[in-house]
Amino acid sequence: MMLPDKTAQLEEVVARIGDGATIMVGGFGVPGTPMTLIQELVRQGARDLTLIKNDANEPGMGVDHLLRNGQVARLITTHLGLNTHAIGLMNNDQIKVEFNAQGILAERIRAGGAGIGAVLSDIGIGTELAEGKQVVEVDGKPHLVETALRADFALIHADRADPFGNLTYVATARNFNPLMAMAADCVIAEAETVTPLGELEADAVHTSGVFVDHVAELGEISGEYAVVQR
Amino acid sequence: MMLPDKTAQLEEVVARIGDGATIMVGGFGVPGTPMTLIQELVRQGARDLTLIKNDANEPGMGVDHLLRNGQVARLITTHLGLNTHAIGLMNNDQIKVEFNAQGILAERIRAGGAGIGAVLSDIGIGTELAEGKQVVEVDGKPHLVETALRADFALIHADRADPFGNLTYVATARNFNPLMAMAADCVIAEAETVTPLGELEADAVHTSGVFVDHVAELGEISGEYAVVQR
Amino acid sequence: MSPNWVKFLGNTPLSNAKNRMTARAAREIVPGMVVNLGIGLPTKVVDHLPSDFPVCLHTENGLTGIGPTLPPDQANRNLIDAGGAYVSTVPGSAFFDSATSFAMVRSGRLDLTMLGAFEVSSQGDLANWKIPGKFSPGVGGGIELAQRARRVVILTTHTDRAGNPKLKDECTLPLTARGCVSRIFTEMAVIDVTPKGFALAEIAEGVSLAEVREATGASLIVPDSTLPVF
Amino acid sequence: MSPNWVKFLGNTPLSNAKNRMTARAAREIVPGMVVNLGIGLPTKVVDHLPSDFPVCLHTENGLTGIGPTLPPDQANRNLIDAGGAYVSTVPGSAFFDSATSFAMVRSGRLDLTMLGAFEVSSQGDLANWKIPGKFSPGVGGGIELAQRARRVVILTTHTDRAGNPKLKDECTLPLTARGCVSRIFTEMAVIDVTPKGFALAEIAEGVSLAEVREATGASLIVPDSTLPVF
């Protein structure tokens, strides 16, 4: 046996994303945000999207391009503090925003990726984040039902990949990427380098290729991935 | 700042385990089973233990020493197929055994390690493993409440460690170890090698030392870790 | 399936009934699949795949990309499959923990599993883990494989050691999962589970229709056309 | 705390009120702790720890073992803290995903967090994420840090920009978590949250008791003995 090859052209796989799709996007700030996949999604123009992403990047970067291009209807996120433009869209009801506690967003995505229906957590009880959520008692204590999240697509940024779709991440560019790479029907990974099968050490792989549907190697790394000058 | 040192003598940390303790033990078959920590627990003799372990190893190996020494009152596990001695103890009511679906045991331990109360899963609905479990509907479908598991102690086998307790595992010796290393009040790791701080690559660490309380380097690797001749 | 693989299978020596059965079952594996093979007969199926067949074998103790089984003197003490066999890796293998392993299974990333059976009902119910009072080693990973692999096929002898049918109107033993089985491979026949019950799909060389009916504990739908022989 | 660290802090230049306040807060960090420092003032606390102080700094975007912040020309584009600062590693740092990061927080592995505040009530309720109609960037990781760190201390100016007290009988803004705050450091005082309400523990050099009372929006328990000055 040999492992199947999932290398693909980035343009072709992004073309599968249609209007109305739900899309998970990796990244926490710049690190781990799949800037090139996002730019291609802007170019191809699918609309009425639901994005699931930790943050909305900063004005003029990453998913903010999708927001500016009017492609986003709904955003499930944890914090928009670095993107005043996104906050403006939210305050003007031009996008709907659902805020989650950050670790709960991570757990909900992981639950989707793990094929479980929900997790029960007491995080946020007594705050407005608990409003409208089903409550279940465990050991006599109230817990919120935090339902699993899955998406039609996940856009992932990896440092290295192999043709089967095994992925490794570097430093804090890992963040939500390995979780989202488990939780979508179609997982598309951009990788800074795609190495031949066998070059990634089996113990060091962060995401097994079993979770990944398509992997595309980036050519030049654009300036959007660079250190942000403030 | 520098990271705290958690290196310890194996004998001293195992001495903390008292009668009646609940103990998670890593391993799936031989790989990843902390044979040396188990042998020390046999030598020190704490009794009336509840063990949480995927399997009961094979007769005369690993946790079977604890069973033969009469130290185990209760076993939470998934499969005893390779240990007829353990099955005999169960059938004669000398130990109480709770069987879990393997992936659900993994999720329950992870939930304990993740500080969530339970996961909701439909695995086992319609089978006897569902009996007695609370049922909650998610999106109109019944799910079982699979409560989080935590333990007083976790006994972990790692390949390499550093003094802060960062751990790496090799091959299929990983299995339940990283999950259990998150889910106990006192996590004790035996490592085949303890390397100086900084020698484990930060991207390749499998368990952050934040989860680990004590780490002890093994001297000679005993024959119990070797390939089983069948 | 590409004609290439069919040609290869045509050259496989079918020296006995079980070999013929596993060779036939191997044709169930489509290029690109992720497959989990249960202990026993299913493991033998892999011997009928050519070395360049694109497939990913998964084992629930934490490996994607299983390579050939090794003799004890070449074995890696830390590398086993879920049945305890000393296996190897292939280029592109990846290791992961038990929670991640079952995340793959439950979230639908497993295209196919081949399992053994004590009983299969004509509705596709499976019993393969417990015989009350006789055999109760625990369910291991069986429930999740049966309930969540996208396709579940069974490899089993047509009858038990006493000659009693394993294919029945209703299972009498504790269930592993309901309605999960799609197809059954035995030494006598290939039988599909359909909304109307068992349907004979193929028959083994030298076996008569009357013999199959006699050995089957439920009614059998037989096509009007000539039955393919394997 | 070892006298060593106290001596060091005694030598720290306390050139202004905020520096004095962060230097005092640094003494809250006990050797061996795992600590998460919130954005803003809390981040400055680390400047008051000696280079060999044994502590592990955690950031929720996936790093244990934060090293010094780097200037842009030395920064790693993939290595930031949760506030977006380009940080570095120390020997023994480890990276992990967002789910694992909050697993640490929720399961009690975080000994201490230092956070900012809009309001703190005399019962220890904290509001620090939302001002309805003015400021609602999302809660990020704040709820989990506030609700689950073993000790939560607040670093804040004693009053808001308009001169209104931040320490009050009841919070009026949406809560982050109830009853979570143990101690508050301001430029004027160190105040403990006790079962009987706010208790003055220390007072800043040059600040009078009357001034503290005036700036505090709730009654203040004052010890009979001389107040330590920081």
Side-chain angles (χ1 to χ4, degrees), chain A residues 26 28-32 54-56 58 77-84 86-87 90-91 97-111 113 121-129 157 159 169-180 206-207 221 225-230, chain D residues 39 59-63 66 70-89 93 95-106 125-127 129-130 132-148 173-180:
Chain A
F28 187 118
V30 169
N54 176 66
D55 55 82
E58 299 178 41
T77 189
T78 79
H79 196 276
L80 304 179
L82 290 177
N83 191 338
T84 49
I87 292 178
M90 170 179 74
N91 288 343
V97 176
E98 176 194 316
F99 286 118
N100 284 243
Q102 197 166 98
I104 295 303
L105 182 66
E107 283 298 313
R108 292 181 67 195
I109 294 166
R110 187 194 168 278
S121 155
D122 64 359
I123 295 298
I125 284 186
T127 76
E128 65 177 61
L129 269 79
H157 178 83
D159 181 52
Y169 313 96
V170 289
T172 59
R174 192 179 319 182
N175 56 67
F176 282 79
N177 279 300
L179 309 170
M180 293 176 169
H206 293 133
T207 293
I221 303 301
Y225 295 93
V227 170
V228 180
Q229 307 288 336
R230 289 194 178 92
Chain D
I39 302 171
T59 180
E60 57 266 37
N61 58 324
L63 167 62
I66 309 177
L70 299 177
D73 62 323
Q74 292 171 39
N76 174 346
R77 66 183 164 92
N78 289 308
L79 179 42
I80 62 173
D81 68 12
Y86 288 93
V87 294
S88 57
T89 56
S93 289
F95 295 111
F96 36 82
D97 65 49
S98 298
T100 304
S101 191
F102 282 94
M104 293 174 183
V105 177
R106 286 189 308 262
D125 300 344
L126 172 65
W129 73 282
K130 186 174 183 177
K134 284 190 184 169
F135 179 81
S136 56
V139 71
I143 287 187
E144 284 148 302
L145 291 169
Q147 194 172 329
R148 286 294 180 80
L173 296 170
L175 291 185
T176 309
R178 282 189 196 280
C180 62

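Because only heavy atoms are used, hydrogens play no part in the values below, and waters and symmetry mates are left out as well, while side chains stay in.
Separation of atoms CD (A:Gln102) and CG (D:Leu145) is listed at 8.5 Å; rounding is to 0.5 Å. For the atom pair D:Ile143 CD1 and A:Phe99 CZ, the distance stands at 11.5 Å (nearest 0.5 Å). Considering OG1 of D:Thr100 and CZ of A:Arg110, their distance stands at 8.5 Å, rounded to 0.5 Å. The OH atom of A:Tyr169 lies 9.0 Å from the CG atom of D:Asp97; values are rounded to the nearest 0.5 Å. To the nearest 0.5 angstrom, D:Phe96 atom CZ is 11.5 Å from A:Asn175 atom CG.
You'll find the side chain of D:Pro174 stays beyond 4.5 Å of the side chain of A:Thr127, heavy atoms only. Side-chain contact between D:Glu144 and A:Ile104 is present, with heavy atoms from C-beta onward closer than 4.5 Å. Between A:Glu128 and D:Val139 there is no side-chain heavy-atom pair separated by less than 4.5 Å. You'll find the side chain of A:Met90 reaches within 4.5 Å of the side chain of D:Ser136, heavy atoms only. Between D:Gln147 and A:Ile123 the shortest side-chain heavy-atom distance falls below 4.5 Å.
Of the listed residues A:Thr78, A:Val227, A:Leu80, the one with more heavy-atom pairs under 4.5 angstrom with chain D than any other is A:Val227. Taking chain D as the reference chain and counting heavy-atom pairs below 4.5 Å, the highest number among A:Pro31, A:Ala101, A:Ala106 is found for A:Pro31. The candidate from D:Ser93, D:Ala177, D:Ala103, D:Pro72 with the greatest count of non-hydrogen atom pairs under 4.5 Å with chain A is D:Pro72. Of the listed residues A:Ala86, A:Gly29, A:Gly124, the one with more heavy-atom pairs under 4.5 angstrom with chain D than any other is A:Gly124. Taking D:Ala82, D:Gly142, D:Ala127, D:Ser101 one by one and counting their heavy-atom pairs under 4.5 Å with chain A, the maximum is reached by D:Ala82.
Of the atoms belonging to A:Ala226, it is backbone heavy atoms, and not side-chain ones, that fall under 4.5 Å from chain D. At a 4.5 Å heavy-atom cutoff, the contact between A:Val228 and chain D is made by backbone and side-chain atoms alike. With a 4.5 Å cut-off on non-hydrogen atoms, A:Leu129 touches chain D through its side chain but not through its backbone. Neither the backbone nor the side chain of D:Ala146 comes within contact range of chain A; no heavy atoms are under 4.5 Å apart.
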Applying side-chain contact (heavy atoms from CB on, under 4.5 Å) to A:Tyr225 and D:Arg77, what does each step give before you reach the verdict?
CA-CA 7 Å; A:Tyr225 295 93; D:Arg77 66 183 164 92; 3.8 Å; yes
Do A:Asn54 and D:Ser98 pass the side-chain contact (heavy atoms from CB on, under 4.5 Å) test, and can you show the C-alpha distance, the side-chain angles, and the key distance before you say yes or no?
CA-CA 10 Å; A:Asn54 176 66; D:Ser98 298; over 6 Å; no
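Salt-bridge annotation for D:Arg148 and A:Asp122: present, with a side-chain N of the basic residue lying under 4.0 Å from a carboxylate O of the acidic one.
Within the 3.5 Å criterion, the main-chain N or O of D:Gly62 finds no donor-acceptor partner in the side chain of A:Thr172.
A:Glu107 and D:Ala99 get closest at one heavy-atom pair: OE2-CB, 4.0 Å.
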